[in-house]
Participant: 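Supplied in structure tokens, the structure appears directly below.
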Amino acid sequence: MLDIRMFRDHADVIRADHDKRGLQHDAIDEVIRLDEAWRKARFDADQLRRQRNEAARGIAAAKKAGDDAEFQKIKSEVDTIAAEIENLGDVADAHEAERDRIRMSIPNILHTDVPIGDDEGGNTQHSLHGEKPTFDFDAKTHNDLIEMNRWVDLPRAAKIAGSRFYFLKGDLAHLELALQQYAVDFISERGYTFVQPPVMMNREAYEGVTDLADFESVMYNIQPDGFYTIATSEHPLTAMFMDEVLEPSLLPIRIVGVSPCFRREVGAHGQGDKGIWRVHQFTKVEQIIITHPDDSWNHHEELLTNCVDLWDSLGLHYEVVNICTGDMGTVAAKKYDLEAWLPGRGEYKEIVSCSNCTDYQANRLRMRYRTTEGNAAVHTLNSTAVATSRALVAIMEQNQLEDGRVRVPDCLISRMGGKTHLEPCEW
RNA sequence: GCGGACGUCGCAUAGCCUGGUAUCGCGCCGGAUUUGAAAUCCGGUGGUAUUCGCCGCGGGAGUUCAAAUCUCUCCGUCCGCGCCA
């Protein structure tokens, strides 16, 4: 959510951003109109409260003096004012609620580097890493490999849970765990604190970190308690500082988290989504930075550097893309994606997302830091380190041998008990 | 799950019984003093505002002219018991 002061003092900046995104200005105008109406009602009510408070001060004196006539006179005066205050208060509350409902749907202000484009076709290449593997046989898709090696059981998972759930088995399950530990250690060594978050959150905290539409299409709602299962540990790890005023000396706060991630994936279909590429549950190691606004763009590059170093160490071929206006979403001001080469499919596909959300989440969560001129919103950043299910897909497709076995990345061999190749499961 | 105690500004506390302007301390910021630092002293340190003020004592509701204070309810924390990976 944008700071209300942006609408009051710099609406032209929001309008320019909407032009860049190809959006109409109606919502901006409506927020400004409702804000003015709210402030008017609020001001009028404050003036009346002042009258009431001044009058009420006489009551204590009248009571003490035992002057009942004076007390009755003041009371009737105060009663009239109180009714008006209540009326104005209701008006103010209604305007404020509507103002903020619309304000929450207005997207963040984009960084000037964000390329303009209608959809993912407008994303631009930032850099290319590793060498594209070549095969003297037809490269298989990860879906073929998990089937022939019996590393994933989709039908049985569908039986007990539903489609897009899976049992991960044998050597592939071991590799998944090794990846988690490797990524956590890799990022921890760079000064990030390892944190394991709750995997359910309440509505209020969740509204602070996500797009409202996600409540319909992404998160599972757990009843009767009303919790939402997290779609990524970014959400609890960012919201954990909700309603806090942070000491500047604590910033930046660097966190590496790991958690299961749950996604409803409403509307996801198609050949490209077979196997474990798009699933309802997966594990992700995530990087989070909470920082002073002046430093956030440097930290955005820091997060990308960590990703690049980590994925280079896995020996994989991928590209970094700069996400364009049409592919951005509401929360981030700038976003890099890492897209790994999947030889079985012959495409680069998203494996990492690295975002600077500036003060958009912090405003909604009331996460501030102390300054000499008062408190100001912090900036929040997040980046995948490794989403294990997708990393497994990239490793399987790029490191496959003709017989269907898969070479373990060198950096993970010691965590695999010295195993250099993933062997098939017996059942 | 049962019983009890308790939620007050960044932290820590007083005020609650007996309703009537939010207390003291620490930390932090600014200033004075100092070669510098420490110590000491002075001031400031929740939100909002059309800068008068208004609102704020975990959230919500109620009683009242008036609620941090009384009542109800929800949430959370701590202690004891029970259950338990």
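The chains referred to below are lettered A, B, ... by the order of the sequence lines, with proteins before strands, and numbering in each begins at 1.
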Participant: When you compare rC29(B) with rC74(B), how far apart are their C1' atoms, in angstrom units rounded to a whole number?
Facilitator: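 Their C1' atoms lie roughly 39 Å apart.
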
Participant: Sticking with atom P, work out how far rG62(B) lies from rA68(B), rounded to a whole angstrom.
Facilitator: 15 Å

Participant: R42(A) side chain N/O closer than 4.0 Å to the phosphate oxygens (OP1, OP2) of rA49(B)?
Facilitator: no

Participant: Contact class for R50(A) (heavy atom, under 4.0 Å): base, sugar-phosphate, or nothing?
Facilitator: base

Participant: Going by side chain to side chain contact (heavy atoms under 4.5 Å, CB included), I146(A) matches just one of L172(A), L168(A), D153(A), L392(A). Which one?
Facilitator: L172(A)

Participant: Looking only at heavy atoms, what is the nearest atom pair of H142(A) and I276(A), with distance?
Facilitator: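 Between these two residues, the closest heavy atoms are NE2-N, 2.9 Å.
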
Participant: Taking C-beta and beyond as the side chain, do F241(A) and L365(A) meet within less than 4.5 Å on heavy atoms?
Facilitator: no

Participant: Could you give the CZ-to-C1' distance, from F43(A) to rU50(B), as a whole number of Å?
Facilitator: 5 Å

Participant: Would you say the ring centers of W297(A) and H111(A) fall short of 6.0 Å from each other?
Facilitator: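 Yes, ring centres under 6.0 Å apart.
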
Participant: OP1 or OP2 of rC55(B) less than 4.0 angstrom from a side-chain nitrogen or oxygen of R52(A), does that happen here?
Facilitator: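 For R52(A), the contact criterion (side-chain N or O under 4.0 Å from OP1 or OP2 of rC55(B)) is met.
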
Participant: Measuring only the C1' atom in each nucleotide, how far is rG80(B) from rG30(B)? A whole number of Å is fine.
Facilitator: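 Their C1' atoms lie roughly 49 Å apart.
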
Participant: Return the value, rounded to whole Å, for the distance between atom CH2 of W38(A) and atom P of rC54(B).
Facilitator: 17 Å

Participant: Looking only at the aromatic ring of each residue, does the gap between the centers of Y220(A) and Y228(A) stay below 6.0 angstrom?
Facilitator: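 Y228(A) vs Y220(A): aromatic centres not under 6.0 Å.
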
Participant: For the pair made of OH in Y369(A) and C1' in rG10(B), what is the distance, rounded to whole Å?
Facilitator: 16 Å

Participant: Any idea which of rG10(B), rU50(B), rC54(B) is nearest the V245(A) side chain?
Facilitator: rG10(B)

Participant: Can you name the closest pair of heavy atoms from L251(A) and T291(A) and give their distance?
Facilitator: CD1-C, 4.2 Å

Participant: L88(A) CG to rU50(B) P: how many Å, rounded?
Facilitator: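 In whole Å, rU50(B) P and L88(A) CG are 17 Å from each other.
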
Participant: With ring centroids as reference points, do Y206(A) and H235(A) lie under 6.0 angstrom apart?
Facilitator: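 Judged by ring-centre distance (under 6.0 Å), Y206(A) and H235(A) do meet the cut-off.
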
Participant: Enumerate the protein-to-nucleotides 67-76 of chain B contacts in which both atoms are nitrogen or oxygen and the separation is below 3.5 Å.
Facilitator:
none

Participant: Please give the distance between the P atoms of rA67(B) and rA61(B) as a whole number of Å.
Facilitator: 13 Å

Participant: Respond yes when some side-chain nitrogen or oxygen of R8(A) is under 4.0 Å from OP1 or OP2 of rA49(B), and no when none is.
Facilitator: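 Yes, because at least one side-chain N or O of R8(A) sits under 4.0 Å from OP1 or OP2 of rA49(B).
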
Participant: For the pair made of CE in M367(A) and C1' in rG10(B), what is the distance, rounded to whole Å?
Facilitator: 16 Å

Participant: Using the C1' atom on both, measure rC2(B) against rA66(B) and round to a whole Å.
Facilitator: 39 Å

Participant: What's the CZ-P distance between R49(A) and rA66(B), to the nearest Å?
Facilitator: 13 Å

Participant: Residues in ring pair (Phe, Tyr, Trp, His ring centres under 6.0 Å) with Y336(A), at least two apart?
Facilitator: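 Ring pair (Phe, Tyr, Trp, His ring centres under 6.0 Å) list for Y336(A), sorted by chain: H126(A), H300(A).
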
Participant: Rounded to whole angstroms, how far apart are CG on L246(A) and C1' on rC11(B)?
Facilitator: 14 Å

Participant: What base-paired stems does RNA chain B take part in, with at least 3 consecutive Watson-Crick or G-U wobble pairs and both distances under 3.5 Å?
Facilitator: B:1-7 with B:75-81, B:27-32 with B:40-45, B:46-48 with B:53-55, B:58-62 with B:70-74

Participant: State whether the distance check finds a donor on one side and an acceptor on the other, under 3.5 Å, for side chain Q47(A) versus base rC52(B).
Facilitator: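 Pair found.
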
Participant: If I take atom CE in residue M242(A) and atom P in nucleotide rG10(B), what distance separates them, rounded to the nearest angstrom?
Facilitator: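 One finds 15 Å between P of rG10(B) and CE of M242(A), rounded.
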
Participant: Answer yes or no for R150(A) and W427(A): cation-pi contact, defined as NZ/CZ to six-membered ring centre under 6.0 Å and angle to ring axis within 45°.
Facilitator: no

Participant: Please say whether the positively charged group of R203(A), taken as NZ for Lys or CZ for Arg, lies over the ring of F215(A), i.e. under 6.0 angstrom from the six-membered ring centre and within 45 degrees of the axis.
Facilitator: yes

